[in-house]
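Counting starts at 1 for both ligands and their atoms, in listed order. Side chains are part of it too, since the values below use all heavy atoms of this structure and drop only hydrogens, waters and symmetry mates.
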Amino acid sequence: MTRTSLTQLEARDGFIPRHIGPSASEEAAMLSVLGYASRAALIDAVVPANIRRKDKLDLGQFFEPLPEQAALAKLKGIAGRNKVMKSLIGQGYYGTHTPPVILRNIFENPAWYTAYTPYQPEISQGRLEAILNFQQVITDLTGMGIANASMLDEGTAAAEAMTLIQRVGKSQSKVFYVADDVLPQTLEVVQTRALPIGVEVRTIAASDIDNLTESCFGVLLQYPGVNGDVRDYRAACEKLHAGGSMVVVAADLLSLTVLTPPGEWGADVVVGNSQRFGVPLGFGGPHAGYLATRDEYKRSMAGRLAGVTIDAQGNPAYRLALQTREQHIRREKATSNICTAQVLLAVMASMYAVYHGPQGLAGIARRVHRYTGILATALKSLGFQLANDTYFDTLTVIVDNADEIHRVANDNGVNLRRIDARHVGISLDETITRDDIALLVKIFGGADVDVDTLDKDATDAYPAALARTSAYLTHPTFNRYHAEHEMLRYLRALADKDLALDRTMIPLGSCTMKLNATSEMIPVTWPEFSNIHPFAPEDQTVGYREMIGQLEAMLCAVTGYAGVSLQPNAGSQGEYAGLLIIKKYHESRGEGHRNICLIPSSAHGTNPASANMVGMKVVVTACDANGNVDLADLKKKAEEHSANLACVMVTYPSTHGVFEEGIKELCEIVHAHGGQVYVDGANMNALVGVAGPGLFGGDVSHLNLHKTFCIPHGGGGPGVGPVAVAEHLVPFLPNQASTGYQRDEQGIGAVSSAPYGSASILPISWMYIAMMGAEGLTAATEVAILNANYIARRLAPHYPVLYTGHDGLVAHECIIDLRPLQDATGISNEDVAKRLMDFGFHAPTMSFPVPGTLMIEPTESEAKAELDRFIEAMICIHAEIVKVERGEYDRMDNPLKGAPHTAEVVTADDWQHTYSREVAAFPVPSLRKKKYWPPVGRADNAYGDRNLFCGCAPIEDYE
Ligand SMILES: *Cc1c(COP(=O)(O)O)cnc(C)c1O
């Protein structure tokens with residue numbers, strides 16, 4: 001018997017086989033179905049030789065994959081170089097207590113964090129209800145008519161609000177005023193956004209808004225201001241409206257529980273951040289931004305909106321309303337390019353409001369305000385003056401030597417806001433205790449304080465006219481789950497309604513729903529990562545920046561680019577940043593006139609929407625019958641627009657699921673005409689370790705860390721969309737000058753509110769790469785391609801695969817064409833998608849990039865057993881369609897048109913269908929052991945859009 005070596009025994013701890021689903025024998029079985037002797041042979045046949053990496057992927061120190069425990073230990077060491085302090089910096093970010101019931105049962109619960117965006121409403125009722133709760137929290141607290149289901153952060157929400165009022169307003173002016181007490185990072189994001197669309201941003205003293213007479217299409221106010229002031233803008237709003245301008249207000253949610261909401265004093269749009277509702281600081285994100293507006297502008301609003309409709313049985317059901325996939329439908333005319341948002345964080349913030357309820361929230365707000373008043377009194381008694389006489393939670397203290405105060409504060413574990421040599425900012429939050437107040441007084445040179453004595457004289461320190469009188473969160477949802485058992489069961493009941501990766505594969509093409517390993521998730525909630533303020537001094541964020549530097553280097557190695565910025569907090573934002581970089585590059589060479597962006601018709605809708613955001617003109621190029629970019633047409637258009645060609649945006653491998661042989665030639669054509677090549681990197685899962693966009697001709701790409709690099713989708717966000725660039729574009733990567741983050745002075749302005757975007761989820765991708773190593777990453781790509789080809793081959797006899805490349809092979813996803821079956825039977829791709837729910841599956845991507853099709857992407861993380869379960873379901877569904885074709889099932893009354901079938905429908909005494917209950921509920925025997933019951937029947941989208949309702953269900957429904 002051969003003895004196992006120690007090295008072999010040690011290798012058993014490896015992560016690679018945990019991440020990659022198929023075992024060696026399963027792999028062999030799939031390869032034999034495809035007729036290839038090895039994985040290498042398959043990859044040689046799939047990936048064009050001219051784009052293959054010449055050398056093996058080299059990740060430097062991460063070449064050797066680390067076992068899970070070793071990777072955690074290594075990252076813990078890095079995290080330990082961060083210093084966790086009490087950050088009272090404010091400026092939009094506050095300490096908060098994440099209620100443990102929410103921490104464990106949402107933030108750390110795969111039922112919530114591994115879900116996809118709720119485009120398939122019937123299997124998403126739980127998260128749709130949570131999102132609707134979020135919308136209700138925002139509309140109630142802001143006093144507005146309607147709110148969407150989260151923005152990427154406060155800065156981008158303000159930028160979207162600016163473009164919203166420009167679209168709906170009557171003013172012809174190009175001027176947008178921003179009050180000088182708006183958060184500096186918000187101003188910077190707004191400026192970045194304004195520049196390419198010709199909007200002129202001017203700042204104005206907040207105290208001077210009343211006297212603003214110059215014409216403008218809108219103003220942006222902060223409530224309360226960054227220095228703490230709570231100003232009454234009622235009269236100013238009236239004047240502005242009379243002059244034809246509109247008003248955007250960036251408001252702090254907690255303060256709105258005690259202050260008159262902007263909706264009651266004239267705001268047209270209210271934006272902000274919900275971070276302090278239980279979402280950790282995380283060095284800047286992810287957090288859910290919000291945007292609320294008047295009801296009349298609902299059709300012009302950016303982002304997503306959840307709403308109420310009815311299902312096929314007439315019961316209430318939730319679903320995404322109106323512009324659900326507007327980028328795909330309206331493309332460059334879309335109201336924004338937002339695709340991935342911040343759903344998981346919106347869910348957390350909404351549940352914070354559910355758990356505390358209106359009294360609880362107001363109690364927190366009053367406590368924070370009282371502590372602030374006590375601190376103000378104590379500081380004044382020490383002889384300090386305050387720069388603001390009104391405040392909610394923030395004081396700006398006038399001092400002789402700010403540096404000295406900051407030094408003492410830091411020595412005592414406290415961060416205060418650095419304003420200038422004579423002013424120090426202090427923002428209190430719900431984590432503040434009496435001891436903290438005593439410590440702060442000490443930092444300012446005082447002795448012991450008696451908090452109770454000071455409390456006796458404390459009065460509200462905002463204008464009496466701004467005390468909130470209107471009720472909010474009166475809805476039962478916010479008043480019945482305050483006991484932990486009730487809350488726990490509410491969260492569980494919602495999660496149970498949904499299908500996420502913890503129950504089934506989610507074969508969504510282009511979305512890469514791969515494993516989000518627990519080891520990858522664990523570091524996210526370490527205090528060393530979660531309790532760091534984005535503007536904390538650099539000596540406290542050494543660990544973060546080390547981890548980020550390593551991740552940037554890994555992503556450069558993987559893509560073949562020279563520089564990466566992790567600032568964009570979604571793929572769409574990476575596109576926007578990348579196009580701004582291209583623009584700036586052309587300008588730097590005196591070619592600022594270049595503004596044509598070529599985009600193949602198969603592109604993801606965010607591409608044209610992003611091009612539009614940066615003021616480029618989209619020219620669509622054709623695809624040929626094989627789904628490839630039509631190079632002749634591209635060449636013709638590049639020639640035609642040669643003088644003004646800015647770039648091409650092309651996805652690789654294409655959204656048609658094939659490795660196009662002509663990609664190098666495409667890059668050469670565009671370069672020859674002075675254009676840059678933007679390679680949309682959403683499909684990197686087919687490239688890592690095998691080819692790199694920076695190596696085959698790309699100049700810029702965004703990656704989706706929430707696709708290829710294992711950040712979970714969170715039900716529609718968070719995400720990270722790093723922008724990666726070739727050497728000549730490195731100087732143009734984004735900065736954040738307002739907070740001192742500058743890579744190169746030529747860089748574009750900030751595209752997010754925080755310098756590193758959603759920093760606290762970057763450890764997920766770091767862990768993934770460290771545990772996989774170069775060898776594991778390459779294997780993952782290869783198995784992703786193998787799994788997709790296995791599915792395509794097994795389904796081909798039943799459903800035609802629309803596009804294939806060399807040898808009839810696909811890349812990491814495949815499109816199956818339902819249109820011939822639909823023509824013959826009336827059964828659509830949507831019917832198949834809904835029927836899959838009866839089998840316990842989430843549908844593949846529907847009608848993108850080709851209407852009437854389904855796009856299947858299994859990823860490398862699915863074992864053969866799960867692929868076979870899916871294939872069995874699809875074959876069974878095909879047999880049902882054949883029965884319709886043969887007339888054995890009625891064209892309208894059949895298991896497909898009736899899908900999904902709820903338990904209520906199947907068990908009803910009244911059953912009037914031509915197929916049996918058994919066929920409805922248990923079409924394959926394995927379902928008897930493991931059955932998911934869709935909670936609602938098919939949602940009626942048209943009804944919901946006609947009767948738009950986007951808040952919690954009316955109170956009567958609860959009786
Ligand atoms: C997902 C995707 C995007 C958009 O990325 P988000 O992170 O959702 O903003 C862009 N292009 C393609 C091809 C995609 O699949």
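For M616 against C597, the heavy-atom pair with the smallest separation is SD-CB, 3.9 Å. Shown here for N735 and Q567, the closest heavy-atom pair between the two residues is O-NE2, 3.4 Å.
For ligand 1, the polar-atom distance check finds an N/O of N704 within less than 3.5 Å of one of the ligand's N/O atoms. Considering backbone and side-chain atoms alike, T655 places every N or O at 3.5 Å or more from each N or O of ligand 1. Residue S572 places at least one N or O, backbone or side chain, under 3.5 Å from an N or O of ligand 1. Between C339 and ligand 1, a contact under 3.5 Å exists for no N or O pair.
Counting heavy atoms under 4.0 Å from ligand 1, residue Q573 does not touch it at all.
The protein atom (non-hydrogen) at minimum distance from atom 2 (C) of ligand 1 is K707 NZ, 2.4 Å. Looking only at protein heavy atoms, the nearest one to atom 11 (N) of ligand 1 is D680 OD2, 2.6 Å. The nearest protein atom to atom 15 (O) of ligand 1, hydrogens excluded, is given as S510 OG, 2.6 Å; this is a heavy-atom distance.
Salt-bridge check for R193 with E160: passed, with a basic side-chain N closer than 4.0 Å to an acidic carboxylate O.
Under the side chain to side chain contact (heavy atoms under 4.5 Å, CB included) rule, P722 has a single partner from L705, L762, L551, which is L705. Just one residue in the list T512, N685, N787 forms a side chain to side chain donor-acceptor pair (under 3.5 Å) with E860, and that residue is N685.
Looking at T340, L508, N337, it is T340 that brings a heavy atom closest to atom 8 (O) of ligand 1. When the heavy-atom distances from atom 4 (C) of ligand 1 to T117, T845, T606, N569 are ranked, the shortest goes to T606.
Set against the non-hydrogen atoms of H706, the atoms of ligand 1 under 4.0 Å away are 6 (P), 7 (O). Below 4.0 Å from some heavy atom of E575 lie the following atoms of ligand 1, by number and element: 10 (C), 11 (N).
Between H19 and Y768, the two ring planes are tilted [angle within 30° to 60°].
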Given Y678 and S701, is the side-chain hydrogen bond (donor to acceptor under 3.5 Å, both in side chains) satisfied, shown in steps?
CA-CA 6 Å; Y678 187 105; S701 290; over 6 Å; no
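Under a cut-off of 6.0 angstrom, the local environment of NZ in K617 is sparse, with at most 12 non-hydrogen atoms contributed by other residues, nucleotides or ligands.
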